[in-house]
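The structure appears below as structure tokens.
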Amino acid sequence: MKQRYDFTEIEIKWQKYWSDKGLHKTPPTPPLNNGGQGGVKKFYCLEMFPYPSGKIHMGHVRNYAIGDVIARYKKMRGFNALHPMGWDAFGLPAENAAIKHGVHPAKWTYENIGYMKKQLDRMGLSYDWDREVTTCSPEYYKWNQWFFLKLYEKGLVYKKASFVNWCPSCATVLANEQVIDGACWRCDSAVVQKELEQWFFKITAYAEELLQGCDELNGWPDRVVAMQKNWIGRSEGVEVDFPLADAGGITDEKLRIYTTRPDTIFGVTYMCIAPAHPLADRLVQGKDGLNAIKAKYGKEEVKEGIFTGHYAVNLLTDEKIPVYVANFVLMEYGTGAIMSVPAHDQRDFEFAKKYGLPIKTVIIPEGGQEDETLNEAFEGEGILVNSGKFNGFKSADAKRAIAVFIEEKAFGKRMVNYKIRDWGISRQRYWGTPIPIIYCDKCGIVPVPEKDLPVILPEDVSFTGKRGSPLLESARFLNVKCPACGGNAKRETDTMDTFVDSSWYFIAYCLKDDIDLKSQISNLKSSINYWMPVDQYIGGIEHAVLHLLYSRFFTRCMRDLGVISADEPFRNLLTQGMVCKETWKCPDHDWLFPEEVKDGKCVHCGKQVEKGRIEKMSKSKKNVIDPDALIKKYGADTMRLFSLFAAPPERDLEWSDKGVEGAYRFLNKVWGIVYKYKGQGLRVKGQELSFPVAYRLSPIASSLLKKTHQTIRKVTDDIEKDYHFNTAIAALMELVNEISSFNPENEEDSSALGFAVKNTLMMLAPFAPHFAEELWEATGGKSSIFEHLWPEWDEMLAKDEEIELVVQINGRLRAKMLVPAGLPDEDARQRALQDERVKEMLNGREIKKVIVVKGKLVNIVLG
RNA sequence: GCCGGAGUGGCGGAAUUGGCAGACGCAAGGGACUUAAAAUCCCUCGGAGCUUGCUCUGUACGAGUUCGAGUCUCGUCUCCGGCACCA
């Protein structure tokens, strides 16, 4: 071994070794019965796969470092581990690159994958690349199409018109995040709402199950579960019909509304319908007025409406009330129409004030009075007034009683509603999965027959950024014979949302090379059923709803297709925090990269720069650190160690260059210790320090032995409990500090030292794998360190035989004394009371009582 | 507005079930080694006070429960994240 820690040489050496030896290969999938191979448990460790944008960033580094520690640790604990990686390879940036640089999206994507794969390997991540998944390959997206067809057969896929963000210049749909201040992010044209035919997955069919399933997500962070529940947005209420009235009285026409507050139904003073409600066009005479409301639909805070000129009747009161069209009423939720109770709904209140509509109080706070001059709606629950036979009811009781009454009278019925909408998957883009549908003039919509899958993306297209999807220009792709009648037909040119790709990739990993989902149907002993669900999923919080919800939906669909037996895809979820760093701004040159700031001055103009706030690393703020540069300067092990040490994984991590040096110093310290003792017979082999030997050890050796066992316990607990690697690493640093000040004087001391060093390396291995391997080898360790089991501690040897007893008087620390561990309470009490200092403090005062906490403290309470 | 989460030294962060606040690291200061520097090693390091090893004080703020509160309860403030006309 070298005197100096040459990280580059070491890291390359061990990466090659692992690869040559196939150390990261997944063990063959054992049969499901008899509990797997000899009772060995499986562990599926998964990190969210990246979009191949070109280079990995610090967010990836952190995500993958966390996952790698878990995977390596679990393997050392003897688990059968699956730890795969792949590429979320479809997406808009590839198309933009094609438009800008003229390089084909496929070429651009695969080149990026090649580079990023090297970067991941350079980090020393233990992926089984045999299971790599690339979503833009036909072998993969074929199954998106198959899945689409299967859902289509079950009526879970349908086509309907809906409003989308449309850029007239680019002739394409834009995602919400691509609309900036109402304009296209690429060409700055004004974005319009356009009604477009789109394909939808019927996720609402699983709304209730997805909601119920939330209660079983015990291994997920509470806030993510809360966000999912919130997103699904279940509410219970009543649908009620309000007949329309004309001069002659009640007509046959009914206006159906949905409300969660039937207890306020006696307070209805008007009704509102959405501008897109079918009745709006029929009822309103002045089309200009209606169009003005339509133009303000769903956008502005300001509430505006127009009277339809028609009335409806509240069947509970027989009151005739006006019907309005209002911009704030959503067509997509409930029935697109509402009953307005201005006294008890703030939105209705504002609207009523604006248009001079009556406000009728029907709920008063419990023990309160009716307020004659309302300044705002009272939205709380209370006691009913002005509500006929329901007067005096509490809101909760009235909700039930009125709902029952409405059902009895057949005015309406109880109803559950959800906020979640069906998932629109159509994208007018090239670089995505073609939707396997054919349009025939004679036969209409015809699904592509399963045997014709995959529908392959054509390569003979050009990328101009104009005229919409390039697929429209590929005649070879577009023109097709109808599978039903054989006549001329056209293919669907929309592609699927890329969230489809990422909704089941974790299932694809289970299948190694051949992603044949169909052949897995009803196979209870399939490798899918062996590995799924994922035991630990790790990724960013930004996917708290979309990706995670879609994956839960897909897993249930796959279950109903017989592909998988689990309901939930991810047993435990760890959402890691963001990687942040301070920002720098020059008055002339705007944001600056860290290397553009020297001594607080801008390197371009020498002006004083301003230190901005600490923010998530981003290219736009230029507060980024390049992983490549960091690996070059300190090595992958240091980079990994720091990103795990600086904060617990779920919390944001503030990047600190000085902190990185600290991690580097620590590794060098360990290196120095091993180098120092290597020539002096550092013994690392075997388990020679068993309990009986300990009796012969010197006090210092015995103390080091104890510290070692305590550290194994602490590190194991910290990892097992909640992956708090920061405290695990801190414990290792403590042990190393003790080793470093240890001076062996005889054979036994050396043995104790060897034992401590050996275990330090073992525990360091998941965090700094190359480093640990190199020193393991240098100290005579045989084979890879990862082929050894994680160390165990001996509870007897970890136990302190003396503890520091704290003595308090009235809860304040007054003395500390060393006492034997396990000292009986009464003895502890006596010792505390006899302590010179304590006696002095007590000064003969009356002792009210003495509290003894075993092994911790004695508190003397004075009168 | 609603739903989450957080608030501890100069900084990142530790503190099983309520039981020594500040582990570990960074920064800073002092010292050793060196012709000098770097590296390394040793010491100090929440605040205040003095008799220099002790006292008081201290975990956003204010109450409370308790022998004892960073931790539990109630109220207030601030920050971050998500959702937001969902009837």
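By convention in this document, chain letters (A, B, ...) are assigned in the order of the sequence lines, proteins followed by strands, and residues within each chain are numbered from 1.
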Quiz prompt | RNA chain B contacts among residues 217-227 of chain A, heavy-atom distance under 4.0 Å | solution = A:Arg223, A:Met227

Quiz item: Is A:Asn737 near enough to B:rG25 that one of its side-chain N or O atoms lies under 4.0 angstrom from OP1 or OP2?
Solution: yes

Exercise. Could you tell me which residues satisfy salt bridge (charged side-chain N to carboxylate O under 4.0 Å, His left out) with A:Lys721, sequence neighbours excluded, listed by chain and number?
Key: none

Set out, line by line, the N/O atom pairs under 3.5 Å between protein and nucleotides 42-53 of chain B.
none

Show each protein N/O and nucleotides 63-74 of chain B N/O combination with a separation under 3.5 Å, one pair to a line.
| unit_1 | atom_1 | unit_2 | atom_2 | d |
| --- | --- | --- | --- | --- |
| B:rC67 | O2 | A:Asn859 | ND2 | 2.3 |

Quiz item: Of all of residues 644-658 of chain A, which get a heavy atom below 4.0 angstrom from RNA chain B, listed by number?
Solution: A:Phe645, A:Ala646, A:Pro648, A:Arg651, A:Asp652, A:Glu654, A:Lys658

Quiz prompt | B:rA14 phosphate, OP1 or OP2, under 4.0 Å from A:Asn726 side-chain N/O | solution = yes

Exercise. Name the orientation of the base relative to the sugar in B:rG82: syn if the glycosidic angle is within 90° of 0, else anti.
Key: anti

Exercise. Quick one: the dot-bracket string of RNA chain B, using Watson-Crick and G-U wobble pairs with both distances under 3.5 Å, [ ] for crossing pairs and | for bases paired to another strand.
Key: (((((((..(((......[....))).(((((.......))))).(((((..)))))..(((((..]....))))))))))))....

Quiz prompt | B:rA23 phosphate, OP1 or OP2, under 4.0 Å from A:Thr727 side-chain N/O | solution = no

Quiz prompt | A:Glu734/A:Lys707 ion pair, N-O < 4.0 Å | solution = yes

Quiz item: Where the side chain of A:Arg665 is concerned, which of B:rC24, B:rC26, B:rG13 is the nearest nucleotide?
Solution: B:rC26

